[in-house]
Amino acid sequence: MMDDKITVHNTQKVFRLILQSMAYAGRPVQIPDEVISLYTNSLLFPATMEVLKTLLDINTGFYCGMDDMHTIQEIQILTSAHREIPEAADFVIIPGDIPLDAMENAPRIMEQAKIGTIYDPHASATILIECASVSHGTVYRCEGPGIDNNIQITIDCAWDWAAIRRLKNVEFPLGIDCIFIDSAARVLSLPRTTRVTKQILNEVA
Amino acid sequence: MHERHFAFLDESSKKEIRRAVLKAVAIPGYQVPFASRELPIARGWGTGGLQITLSLVGKDDIIKVIDQGSDESVNAVSLRNLIQETTDVASTIHTTEATLIQTRHRVPEQPLKEGQILILQVPLPEPLRNVEPSEYKTKKLHAEADYSGAWLKLFEDIMCYGQAATGADHPVFVNDRYVMAPTPIPRFDNPKLDHNPALMLFGAGREKKIYAVPPYTKVVSLAFDDYPFQRERFVGKKCRLTGLENVYLDELIDEATGEVYYQTNDSSYLLEFLNRDEGAGTV
Amino acid sequence: MGYVAVQGGAEAIRESILLARYENCLDGTSISLTEIKANLKKMVDSVMSESSLYSPDLAALALKQAQGDPFEAIFLLRAHRSTLPRLYFTTVTDTAEMRVERRISASFKDILGGQILGASPDYQHRLLNWDLINETEADVIAFRDQYYAAILNAMEKTAEASFEEEGRFPKVVDSLRAQNLIPQPVLCDEEPRDITMEPLVFPSARSLRLQILTRGMTGAVTALGYAKIRGYGFNNHPTIGELRVGYLPLYVTSELSGVCEEYYIGEIEVTEVEAFMEEDRQEADEKNQLGIGLGYGLCFGANEIKAIAMSVLEHSMENPTPGDPTSDEEFVLLHVDTVEATGFVSHLKLPHYVTFQSKLDRIRDVQRGNNHHA
């Protein structure tokens, strides 16, 4: 396990940003450059790798929605986490930069993620979704805990995550929690409590 | 002396706690179980809150630790020393300056703001424990949102005493789903949990549970329409030093006269009020 | 500057620590860790057991620092334990491999390999030994050397080749299994869970129950085990099939050299109890059958009472009886931990004036209300 001092402080920073984004649902946070390393063996965004390094360890299972063995090995080496099938994974990673056929897979992967039980709703998956941007794109209106009244969010993502997310989260407290990560290392989280509706608006730049 | 690890806990313990905290935020009021490490502080003395603080704290944080409303009580000092000895972070008594506030039995009088995190120490996380001793069964009651026992207890209190009998730790309903123990804060502080701009985390070390109230979350104290929730009443009483009325007061006895007098419980709020227009003296 | 807070807390803590140290130094003597390990071995054993950390040296240090208070010593060791990384896990240890120092059976007069009384206070009369008041190191050394010489002498005369040479003995329970009085155990290949690394949820697993009991408070485990055999849920007390005290060899595996190899890392002293319990069994034809069940106890060091009580409670929770608190796993498991019990009880010393003020407000209010009615 990487316990060197730099990692200790970097993962602390990244965690606090993730926590802030989860607490203030829908508000993007920026992972600063100085805490992001280079991951030459991984096809995922470096920011995604930082999030994985922060949250995963030997006690967690992950599923990565791409076949690239180098990426998967890199996650295992960095975190000691084990690979899981999508239905059993604690963390499900849906890469942004994936080929078209895999793109069609993205919704299916999300559909399979575990939502916990009424006794243990926390035994549910956290979905890490890589997307083009969390500051422009399709506009959604969000309400729920962590949000003062309501806010608008904009996410540029190639597939319709919102519809599947709604299906997975119909039976609160069961559900999935989503963390969106964009190519500019911005993070936006939507806990299962957030009610999301698509706004019929033009793209906001 | 060998060098201690930053924030005492090893990284894999922190990760487990951090994951539990995220799930707690995603399911407001639900008690997430965690393994809970043993600390150099006794179980029951704030180890749950401390484990959250140690898992969250970073070099840029400014911490504030309070016990019973005071930054200077021995237990607050002891907890703050442990955090600072293992992290070197800055501390403050001023609520507005703090990024992380660990507290036992009070929510500060100074309203919290966005970005601040209040960490409450929890002795008994289970609000249904007084109606059901079994953990297995209370977990089931929460799962099925079966809170008839909690309502019945309240009803029986009213039948017996003409009102609810809870002192501190009056249960709350979070996000219209989970009944939650707000920790033994006075009822005076319960309304502060509702739609607070700050994140509130709750840690029970001995009972091994973490739960949360995210910012801007609906928190309602359990009550009946015809027997509304009541805070402690300090009718006709005010702080001897500041004249403040709308604060939680300590009841004290004047050593010279033997008379009962009242003083603002939140010691930093009291100081800030007194220093508003540059007084002089000690409290 | 204006008003400043009275900063009494920090100073009070400093002074309190100094005073405690001063009181401990009043007599001008200091006890060495060697002396603690040699003279207070049973205490060292129970502290290791309740700390779930096998280290006589650290246990002795903790006892010294805690001024002999076992609760405090256990607390120190548990806190230290949670800072230690887990580098390796030992392989499965078969207790039949124990190098036995003492073994007795209450179930059979003759057991294969024989009963070995070993070192035990069981048949000593508990009369204060006034000679110890003035015992000197020279007395201790003289006795030790004389006793050792006598043993050597006796061993030369009886050069018997038997189990005892290696200290390994067949287990009593195996002979009952051979006679089908006790069912063959079902092999469980499930990875043991670790109570210090995962939350305890109910219903729990047997590996978790055994861990909590073995690190449980000696007094609490004994008291609850006593309650069970005295009358809460039990109509027939258990019979000790075998009680052993001895040393278990431990191994770890490592792949550092390229191949998976087993390395001997040392041995630990443990007490093991297998107790026979009368059980009702439902046979395949749905007739009730009497049988013998097994209760299991194992703890660090020589601590026989705890191991016996553990076997009683373990069996009790495996075979719950309605209405019996000692078979209610929540009742037992949530209350026998030393650090949790002492921590919560002692937290009552912390100030509670905010909560008490709240309680007073309620009581005054209710009383006022009642007066109105009167």
Side-chain angles (χ1 to χ4, degrees), chain B residues 5 8 10 13 33-40 42-45 47 67-69 71-78 81 93 105-106 123 133-136 139 161-163 165-169 184 186-188 206 208 232-233 248-251 265 267-268 271 274-275 278-283, chain C residues 1-10 12-13 16 75-85 194-203 328-331 334 337 339-348 350-363 365-366 369-370 372-373:
Chain B
H5 188 65
F8 186 82
D10 63 279
S13 299
F34 80 113
S36 191
R37 302 301 188 264
E38 269 131 350
L39 297 178
R43 286 268 207 242
W45 292 56
T47 56
D67 187 320
Q68 305 278 306
D71 298 85
E72 281 303 323
S73 78
V74 276
N75 197 45
V77 171
S78 161
N81 283 351
I93 65 163
H105 298 186
R106 272 317 303 276
S134 159
E135 169 69 19
Y136 176 70
K139 198 171 165 65
Y161 312 114
Q163 58 177 277
T166 39
D169 214 351
R187 281 163 281 132
F188 184 86
R206 194 178 38 77
K208 305 179 180 72
E232 291 80 358
R233 284 185 296 181
Y248 196 75
L249 296 171
D250 284 336
E251 185 174 320
N265 165 264
S267 62
S268 63
L271 271 179
L274 291 173
N275 285 329
E278 282 288 317
T282 57
V283 177
Chain C
M1 179 54 218
Y3 291 88
V4 292
V6 178
Q7 305 212 330
I13 292 174
S16 165
F75 181 10
L76 285 165
L77 285 183
R78 286 273 191 94
H80 177 66
R81 187 186 187 280
S82 61
T83 66
L84 302 174
D194 184 344
I195 194 57
T196 64
M197 302 296 276
E198 63 175 291
L200 176 64
V201 288
F202 298 103
D328 177 340
E329 56 172 1
E330 287 194 34
F331 184 78
L334 291 178
D337 188 80
V339 172
E340 285 168 13
T342 57
F344 198 58
V345 171
S346 71
H347 109 284
L348 299 177
L350 286 176
H352 282 78
Y353 48 78
V354 167
T355 41
F356 191 66
Q357 178 71 17
S358 173
K359 187 95 254 166
L360 278 180
D361 170 82
R362 201 54 115 176
I363 290 169
D365 230 34
V366 168
N370 287 346
H372 282 305
H373 283 288

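Heavy atoms only: backbone and side chains are in, while hydrogens, waters and symmetry mates are out. Letters A, B, ... are given to chains in the order of the sequence lines, protein chains preceding strands, and every chain is numbered from 1.
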Any donor-acceptor N/O pair, S358(C) side chain to P186(B) backbone, under 3.5 Å: no

Interface residue of largest heavy-atom contact number with chain B, from Q357(C), M197(C), K359(C), under 4.5 Å: Q357(C)

Is the CZ atom of F202(C) crowded by more than 12 outside heavy atoms at less than 6.0 Å? yes

Go through P33(B), G167(B), S134(B), A35(B) and name the one with the most non-hydrogen pairs under 4.5 angstrom from chain C. A35(B)

Examine whether an atom of T83(C) lies under 4.5 Å from a heavy atom of chain B, and if so say whether it belongs to the side chain, the backbone or both; otherwise answer neither. side chain

Most chain C-contacting option - heavy-atom pairs closer than 4.5 Å, from R106(B), R233(B), K139(B): R233(B)

What part of F34(B) gets within 4.5 angstrom of chain C, counting heavy atoms only: side chain, backbone, both, or neither? backbone

Check whether H347(C) reaches the backbone of F344(C) with its side chain - one donor and one acceptor, N or O, closer than 3.5 Å. yes

Part of F75(C) within contact of chain B (heavy atom distance under 4.5 Å): side chain

Keeping T355(C) on the side-chain end and A168(B) on the backbone end, is there a donor-acceptor pair under 3.5 Å? no

At a heavy-atom separation under 4.5 Å, does E330(C) approach chain B through its side chain, its backbone, both, or neither? side chain

Highest number of heavy-atom pairs under 4.5 Å with chain C: which of Q68(B), R43(B), E135(B), Q163(B)? Q68(B)

So which of R187(B), R37(B), K208(B), H105(B) has the largest heavy-atom pair count under 4.5 angstrom toward chain C? R187(B)

Can you tell which part of E251(B) gets under 4.5 Å to a heavy atom of chain C, answering side chain, backbone, both or neither? both

Chain C contacts, top residue of S36(B), P123(B), A165(B), S268(B) (heavy-atom pairs, under 4.5 Å): A165(B)

Side chain / backbone / both / neither for S267(B) at chain C, heavy atoms under 4.5 Å: neither

Compare every heavy atom of L334(C) with every heavy atom of E340(C), then report the nearest pair and how far apart it is. OE1-O, 4.3 Å

Would you indicate whether Y136(B), at its atom OH, is surrounded by more than 12 heavy atoms from other residues, nucleotides or ligands within a distance under 6.0 Å? no

Side chain from CB out, backbone as N, CA, C, O: work out which of these in Y248(B) comes under 4.5 Å of a heavy atom of chain C, or both, or neither. side chain

Do side-chain atoms of E38(B) reach the backbone of S82(C) as a donor and acceptor pair under 3.5 angstrom? no

Test item: R362(C) side-chain N/O and T166(B) main-chain N/O as donor-acceptor pair under 3.5 Å: yes

With the side chain counted from C-beta on, respond yes when W45(B) and S78(B) share a heavy-atom pair under 4.5 Å apart, and no when they do not. no

